[in-house]
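I have placed the structure first, in the form of structure tokens, so that the comments after it can refer back to it.
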Amino acid sequence: MCTIIQGIPVMADPALSRKKINQLVCDIIKTWKWEGKELGKIELIYDGQLIHVISYEKPVVQLVPLQINTRET
């Protein structure tokens, strides 16, 4: 199941309830904000005994101007 919760794309196993997904995602978002990191996406995989939580940091893109040295002769 793909959904967006608080602006974060979430891929969750359909075996998980919507309530459980929301609870887990809200906890993860709070933790990431506390640590000062920006969350990019979350995957929740249920294997019957455990829920594997895979969270990805939002990539940072920087543009650096290329310096071109031109000499007039």
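One-based numbering along the sequence shown. The basis for the numbers below is simple: all heavy atoms, side chains too, and nothing from hydrogens, waters or symmetry mates.
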Heavy-atom side-chain proximity of [X] to [Y] below 4.5 angstrom:
{"X": "Val10", "Y": "Cys2", "answer": "no"}
{"X": "Tyr46", "Y": "His52", "answer": "no"}
{"X": "Thr3", "Y": "Arg18", "answer": "yes"}
{"X": "Leu44", "Y": "Leu24", "answer": "yes"}
{"X": "Ile54", "Y": "Lys41", "answer": "no"}

query = Looking at CG of Leu39 and CD of Gln6, how far apart are the two atoms once the value is rounded to the nearest 0.5 Å?
reply =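 Rounded to the nearest 0.5 Å, the CG-CD separation comes out at 10.0 Å.
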query = Rounded to the nearest 0.5 Å, how far does CG of Asp47 lie from CG of Asp13?
reply =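 Asp13 atom CG to Asp47 atom CG measures 9.0 Å (nearest 0.5 Å).
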query = For the residue pair Ile4 and Pro9, what are the closest heavy atoms and their distance?
reply =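 Between these two residues, the closest heavy atoms are CG1-CA, 4.2 Å.
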Heavy-atom pair with the smallest gap, counting every atom of Gly40 and Ile8 =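 Looking at all heavy atoms of both residues, the closest pair is O-CG2, 4.1 Å.
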query = Heavy-atom count around Lys58 NZ within 6.0 Å, excluding the residue itself: above 12?
reply =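 Check fails, neighbour count at 12 or below.
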inquiry  = Are more than 12 heavy atoms, taken from residues, nucleotides or ligands other than Met11, located less than 6.0 Å from that residue's CE atom?
reply    =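 No, the 6.0 Å shell around CE holds no more than 12 heavy atoms from other groups.
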Met1 with Tyr56, same ILVMFWY side-chain cluster at under 4.5 Å =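 They do not share one cluster, since no chain of ILVMFWY contacts under 4.5 Å joins Met1 to Tyr56.
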key: Test log, rule side-chain contact (heavy atoms from CB on, under 4.5 Å), inputs Ile51 and Lys20   = CA-CA 10 Å; Ile51 300 171; Lys20 187 64 174 173; 4.2 Å; yes
query = Pick one: which of Ile21, Asp27, Asn22 meets side-chain contact (heavy atoms from CB on, under 4.5 Å) with Val25?
reply =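 Considering Ile21, Asp27, Asn22, a side-chain contact (heavy atoms from CB on, under 4.5 Å) with Val25 is found only for Ile21.
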